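What follows is a set of notes on a single structure, which appears directly below.
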Amino acid sequence: MRIVDLHNDVITEMDDEKFLKYIADVERNGVDVVLLSIWTTRMVNPLNEIRMARQKIDNIETSVKLLLHVEDAWFINEQNLDELVSLRPFSVGITWNSDNDLAGGAYGEGDLTNLGRIVIKRLVQEGIAIDVAHLNRKSFHSVINFIKPLDAKVFCSHTCIDYVNPHPRNLDDAQIKELINMDGIIGLTLVGDFLNSDNVARMNDVYCHIQCFIEKFGSDNLAIGTDFFGTANLPKGLNGYKDFKKLKRFFVKKGLSVETIDKIFYLNAWRFVSYI
C-alpha cells in the first residue's frame, strides 16, 4: 500500500513532539509523500511560522518525503517575496476562502491582481508549484491564463467534483479540463462538506466523486489530498492513513481496478512531485 497525500495540515496543528510521533505513524502506514500545509490565514507572523516548519522538516529523519506547502499567500508582497522563496516551499496556494491582495478566494468576488501576477511569476520562475485550491472561479481562470505561457507546475491540492456536489470549493468541468491541459493534478479531498450536501459523508461518496471523474476525464490526473487536521468532518471510517486499506478494498468491491486505485492513491501524484 503506497500513498501520496497532496494536503495535510498536521504541521500547523501539532507541537514538535506530537508531530514526530505522527510522522513515525505515517511512515508505518505506507505513505511515500505528504505535502505539509502551513495555513497562514490567522497567523500574525506567517514567515516565522514557515521558517520553523522548514527547520522541522529538514531536521526530521524519515523515509517519507515531506514537502512544505504554504496555504494562503495573503502576507506576501514584493518586499518579502525573496524570503519566502529562500524557505523552499514545494508549493504555494494563493488565497484561502476570502479575497486577499493577490486574488479572489472561494467565497469572495475578487480577481487576480497586479501584485498577484508579480508574486506568481516569481514563484513559477523559482520552480515552486502553484496551488489553485481556494480560488474563486474568476481568479482560477485568470491565474491559469496568466501562467500558461510560463511553463508552470499547477495543481489543486484538495477539492471535490462540482458535478457530483455543487460547492464553492469544488472544481467544475471547465476548471478540471484546464488543469488537465496543463498536465496538472487534482487532489480529491475527504472533507464531508465537499463530498455531499448532507455533511455526513461515507466511503461511497468518495467513490462517487472518483467514478464521475474517471468517466469524464480518465484516471491520469486524479490524486488524493486528504485535508487531515484541516477538517473535523471526515467520512465515516476514514480517520487516518491506516484506513486507506479498507478504502481500497471498498473501491475494489465497487469495481475499480487495483491499477486505477494505485494511480489515484500514489502514481499520479508521484509523477507530479517527483520533478523536485
Side-chain angles (χ1 to χ4, degrees), residues 4-7 33-38 40 50 54 65 67-78 80-96 99-106 110-159 169-189 217-218 220-225 267-276:
V4 175
D5 186 358
L6 295 177
H7 195 90
V33 183
V34 180
L35 267 68
L36 295 170
S37 174
I38 296 290
T40 72
I50 296 167
R54 176 79 273 162
K65 184 187 289 289
L67 303 177
L68 179 61
H69 172 72
V70 176
E71 185 174 23
D72 192 357
W74 67 269
F75 59 96
I76 294 300
N77 52 53
E78 292 183 78
N80 62 18
L81 184 52
D82 284 347
E83 186 174 359
L84 176 65
V85 168
S86 73
L87 294 172
R88 310 186 323 277
F90 169 81
S91 51
V92 172
I94 308 305
T95 69
W96 195 55
D99 297 346
N100 62 28
D101 289 341
L102 306 182
D111 200 353
L112 180 64
T113 67
N114 287 334
L115 177 59
R117 292 182 180 89
I118 291 169
V119 170
I120 290 171
K121 184 175 182 179
R122 176 67 188 286
L123 296 174
V124 170
Q125 289 172 338
E126 296 291 340
I128 296 169
I130 303 300
D131 181 12
V132 295
H134 288 286
L135 290 173
N136 62 31
R137 284 175 171 78
K138 180 164 56 176
S139 282
F140 173 96
H141 290 293
S142 294
V143 168
I144 291 294
N145 289 332
F146 177 68
I147 64 177
K148 274 180 181 177
L150 303 180
D151 193 28
K153 296 287 290 187
V154 61
F155 72 121
C156 187
S157 62
H158 58 307
T159 187
R169 277 283 286 107
N170 289 346
L171 296 182
D172 64 25
D173 287 6
Q175 292 173 292
I176 294 169
K177 288 176 183 177
E178 288 278 23
L179 287 170
I180 291 174
N181 288 339
M182 294 186 69
D183 200 26
I185 205 86
I186 294 98
L188 187 73
T189 195
F217 309 106
D220 291 338
N221 298 83
L222 188 61
I224 296 293
L267 289 171
N268 292 338
W270 178 255
R271 184 185 72 243
F272 182 79
V273 303
S274 62
Y275 79 97
I276 63 169

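These figures come from a predicted structure and were not determined experimentally. Worth knowing before you read on, the calculation uses all heavy atoms, side chains too, and leaves out hydrogens, waters and symmetry mates.
Proximity of Asn268 to Arg271: side-chain heavy atoms (C-beta onward) are separated by under 4.5 Å at one or more points. In this structure the side chain of Phe155 reaches within 4.5 angstrom of the side chain of Asp131, judged on heavy atoms. Within the 4.5 Å cutoff, no side-chain heavy atoms of Leu6 are placed close to those of Thr189. Counting only heavy atoms from C-beta outward, the side chains of Ile147 and Met182 approach each other to under 4.5 Å. A heavy-atom distance below 4.5 Å is not found between the side chains of Val70 and Leu87. Side-chain contact between His141 and Ile144 is absent, with no heavy-atom pair separated by less than 4.5 Å. Between Gln125 and Leu150 the shortest side-chain heavy-atom distance does not fall below 4.5 Å. Looking at heavy atoms from C-beta onward, Ile130 lies out of side-chain contact with Phe146 at the 4.5 angstrom threshold.
The cationic group of Lys153 lies under 6.0 Å from the six-membered ring centre of Phe272 and within 45° of the ring axis, placing it in a cation-pi geometry.
In this structure, the separation between CD1 on Ile118 and CG on Leu81 is 9.0 Å, given to the nearest 0.5 Å. The line from NZ of Lys65 to CG of Leu35 is 11.0 Å long, rounded to the nearest 0.5 Å. From Ser37, atom OG reaches atom CG of Asp72 across 10.0 Å, with rounding to the nearest 0.5 Å. How far SG of Cys156 is from CG of Leu171: 4.5 Å, rounded to the nearest 0.5 Å. Atom CG of residue Asn145 and atom CZ of residue Phe140 lie 9.5 Å apart, to the nearest 0.5 angstrom. For the atom pair Ile76 CD1 and Leu84 CG, the distance stands at 4.0 Å (nearest 0.5 Å).
Under a 3.5 Å cut-off, the side chain of Trp270 and the backbone N or O of Val33 do not form any donor-acceptor pair. Side chain of Thr159 to main chain of Arg169: a donor-acceptor pair is present (N/O by atom type, distance under 3.5 Å, no hydrogens or angles). Side-chain atoms of Gln175 come within 3.5 Å of backbone atoms of Asp172 as a donor-acceptor pair (strictly under, hydrogens ignored).
Scanning all heavy atoms of the two residues, the minimum distance from Thr95 to His134 falls at OG1-O, 3.0 Å. Closest approach of Ile185 to Asp220, counting heavy atoms only: CD1-O, 4.2 Å. Nearest heavy-atom pair, Ala103 versus Ile94, reported as atom, atom and distance to 0.1 Å: CB-CG2, 3.9 Å. The two residues Val4 and Ala269 have their closest heavy-atom pair at CG1-CB, 3.5 Å. What you find for Gly184 and Asn221 is that their closest heavy atoms are O-ND2, 2.8 Å. Gly225 approaches His158 most closely through the heavy-atom pair O-CB, 3.4 Å.
Annotation: side chain to side chain donor-acceptor pair (under 3.5 Å) contacts of Asn170 (sequence neighbours excluded): none. Checked against side chain to side chain contact (heavy atoms under 4.5 Å, CB included), Leu115 has the following partners two or more places apart in sequence or in another chain: Glu78, Asp101, Leu102, Thr113, Val119. When the side chain to side chain contact (heavy atoms under 4.5 Å, CB included) test is applied to Asn77, the partners found at least two apart in sequence or on another chain are Gln79, Asn80. In this view, Asn136 and Asp99, Lys138, Ser139 satisfy the side chain to side chain contact (heavy atoms under 4.5 Å, CB included) rule, not counting sequence neighbours. Residues satisfying the ring-ring contact (aromatic ring centres under 6.0 Å, His included) test with Phe217, not counting sequence neighbours, are Phe213. Every side chain to side chain contact (heavy atoms under 4.5 Å, CB included) that Arg88 has, sequence neighbours left out, goes to Arg54, Asp58.
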* Asked: Could you go step by step and tell me if Ile128 and Arg122 meet the side chain to side chain contact (heavy atoms under 4.5 Å, CB included) rule?
  -> CA-CA 9 Å; Ile128 296 169; Arg122 176 67 188 286; over 6 Å; no
* To do: Kindly indicate, with the supporting measurements, whether the criterion side chain to side chain contact (heavy atoms under 4.5 Å, CB included) is fulfilled by Leu112 and Ile120.
  => CA-CA 10 Å; Leu112 180 64; Ile120 290 171; 3.8 Å; yes
